[in-house]
Chemist: 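What follows is a single structure, and I will ask about it in a moment.
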Protein chains: 2
Amino acid sequence: MGSSAKEEARIADALCKAVLERKLAPGSKLPEEELAQIFRSNRAKIRRVLLLLSRSHIVTLEPGRGAFVSRPSPQEARDVLASRRLIEVSLLARPYRQLSAQGAERLRRIMMQEAQAHAAHDAIAMIYLSGQFHLTLIEELGNKVLKSITGELILRMSLIITMYERQNTTCCLSSDHHDLLELLGAHDYAEASALMARHLEGIESCLDFHREPATTTILSQILQPLKD
Amino acid sequence: MGSSAKEEARIADALCKAVLERKLAPGSKLPEEELAQIFRSNRAKIRRVLLLLSRSHIVTLEPGRGAFVSRPSPQEARDVLASRRLIEVSLLARPYRQLSAQGAERLRRIMMQEAQAHAAHDAIAMIYLSGQFHLTLIEELGNKVLKSITGELILRMSLIITMYERQNTTCCLSSDHHDLLELLGAHDYAEASALMARHLEGIESCLDFHREPATTTILSQILQPLKD
DNA sequence: TCAACCATTATTGTTTACAATATCAAGCCC
DNA sequence: GGGCTTGATATTGTAAACAATAATGGTTGA
């Protein structure tokens, strides 16, 4: 059975989800044996997953020392942010196609879930849904390749925000998503693009690259609930 | 010694180079044992390389059947082309920084090599240098993340062109690179961006997605000279 | 008391052999 | 004769044992 790829995808997704939800802090060690136990897998599969994640810059492999959750440098962080800005802002300014009725509906549905998560003070759900909103937008106005590229950038942004976020800041204004959808419904892409630029700059303004955070974080209880 | 990563990078680079130079046709089978012999390596390393290349969409792993050079579908091809166009055209329109004197010098050097390759009718060198020109441009006006993203897209474009190129067409007008550099030297980014759009559209117009090409290609003699 | 050194332990990296699967060819039935 | 089944072969996939390396802790000597 070719279920091995599926199982590895499951493990990789669980790790990515943990990164996305800010549970796995940058710098955390990822011991192979321990991960194998947590996911009821074996070292070989874990090893392949870590190799793939290292290619996505989510994990850093240090030869002889093992795998760690990546700690993007300030420069890398700036580059990731700027790249994402370029893609999303430019796509909105000149989308490959108009936003369809179904597309608008998909986005509206996500936005409503965001509102629910906001009301429930579910920060984790809000982070996830915010990403989904952006990715769906890109898929609707752009294509799957851009979506996959941006998906990786969003994942890296999670690490960046975890490392460099200022205290007492409330990032990710979900009200922007509402306004964005309204502009897109009116096919005012120029204004939507400008709003997206402000939206992303808003996120960036919450970051402070001067403080070198001591994100030595630990693991097993945090990952334990992921195994199912 | 941590030389294993280096060796795997060497093998991956050789395979990518072969794809770039259109020597490895899409659909070609990549048997692990044979690759191990060609590169004087072992199956385990080859296996890791193929896994990584599959993540870059250069190689497709079919469970139980092995690794093949990817055959991008017409839809994937269109998406890759459009994504690259978005990134390069947008970056030129609003670069992160002005083109520096050193940057212009780097580009000029590549362009001169292109002219030499053109004079020598060295098609392979021309393909490689054209890619280098675009990547250097992105690094100078943008950043390393965008460069790496575009590098992967260019690699995928090689597969696409191999599969869908019309007969008797001369793609990649190197004269465009000359004009581009001139516009950038004058800091006329709007015009440079427009030229880049035409340049990339020119490449796309050489493609024909209707013909399903029988690119069942073979391997060992083609890869043999790569082993050194 | 602290620092350097050495032995121990744990973790990673590699190789090997083995199991599973797909491919191919011949034979057989229709 | 064509297509299907069946066995042989080759290739991929997996597991386990082994080797190498880095982290750990304790000892020794100043």
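Protein chains get the first letters and strands the later ones, always in sequence-line order, with residue 1 at the start of each.
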Chemist: For A44(A), report the nucleic acid contact type (base, sugar-phosphate, nothing); a contact means any heavy atom under 4.0 Å.
Modeler: nothing
Chemist: Assess, by modelled atom type and distance only, whether the side chains of S205(A) and R166(A) contain a donor and an acceptor separated by less than 3.5 Å.
Modeler: no
Chemist: For the CE atom of M157(B) and the OG1 atom of T150(B), what is their distance to the nearest 0.5 Å?
Modeler: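 The distance works out to 11.0 Å.
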Chemist: Nearest heavy atom decides the nucleotide; on that basis, is G64(A) or R43(B) closer to the 5' end of DNA chain D?
Modeler: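 That would be R43(B).
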Chemist: Taking atom P of dT11(D) as reference, at what distance in whole Å does atom CD1 of I46(B) sit?
Modeler: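 Atom CD1 in I46(B) sits about 15 Å away from atom P in dT11(D).
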Chemist: Could you tell me how far apart L61(B) (CG) and dG13(D) (C1') are, to the nearest whole angstrom?
Modeler: 12 Å
Chemist: I want to check one thing: is the phosphate of dT12(C), taken as OP1 and OP2, less than 4.0 Å away from some side-chain N or O of R47(A)?
Modeler: no
Chemist: Taking atom types as modelled and ignoring hydrogens, do the side chains of N143(B) and E139(B) form a donor-acceptor contact shorter than 3.5 angstrom?
Modeler: no
Chemist: Could you give the angle between the helix axes at the two ends of the helix from dT1(C)-dA30(D) to dC30(C)-dG1(D), with five pairs per end, rounded to 10 degrees?
Modeler: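 The value is 10°.
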Chemist: Quick one: do E62(A) and K29(A) make a salt bridge, cutoff under 4.0 Å?
Modeler: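 The answer is no: the pair does not qualify as a salt bridge.
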Chemist: What is the distance, rounded to the nearest whole Å, between atom CG of L51(B) and atom C1' of dG13(D)?
Modeler: 13 Å
Chemist: If I take atom CD in residue E8(B) and atom P in nucleotide dG13(C), what distance separates them, rounded to the nearest angstrom?
Modeler: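 The distance from CD of E8(B) to P of dG13(C) comes to 11 Å, rounded to the nearest Å.
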Chemist: Check this for me: does any side-chain nitrogen of one of E8(A) and K45(A) sit under 4.0 Å from a carboxylate oxygen of the other?
Modeler: no
Chemist: Can you check the N42(B) CG to dT15(C) P distance for me, whole Å?
Modeler: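 Rounded to whole Å, this separation is 5 Å.
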Chemist: Please state how far atom CD in E32(B) lies from atom P in dT21(C), giving the value in whole angstrom units.
Modeler: 16 Å
Chemist: Is there a side-chain polar atom (N or O) of K29(B) under 4.0 Å from OP1 or OP2 of dA22(C)?
Modeler: no
Chemist: Nearest whole Å is fine: how far is dT11(C) P from E34(A) CD?
Modeler: 8 Å
Chemist: Charged N to carboxylate O under 4.0 angstrom, E76(B) versus R156(B)?
Modeler: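 Judged by the 4.0 Å cut-off on N to carboxylate O distance, E76(B) and R156(B) do form a salt bridge.
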Chemist: Are OP1 or OP2 of dT23(C) and a side-chain N or O of R65(B) less than 4.0 angstrom apart?
Modeler: yes
Chemist: Take the protein atom NZ of K45(B) and the nucleotide atom C1' of dT14(C), then report the distance between them rounded to whole Å.
Modeler: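 In whole Å, dT14(C) C1' lies 8 Å from K45(B) NZ.
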Chemist: State whether E21(A) and K17(A) are salt-bridged, where the test is any N-O pair (Lys NZ or Arg NE/NH1/NH2 against Asp/Glu carboxylate O) under 4.0 Å.
Modeler: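 Salt bridge flag = yes for K17(A) with E21(A).
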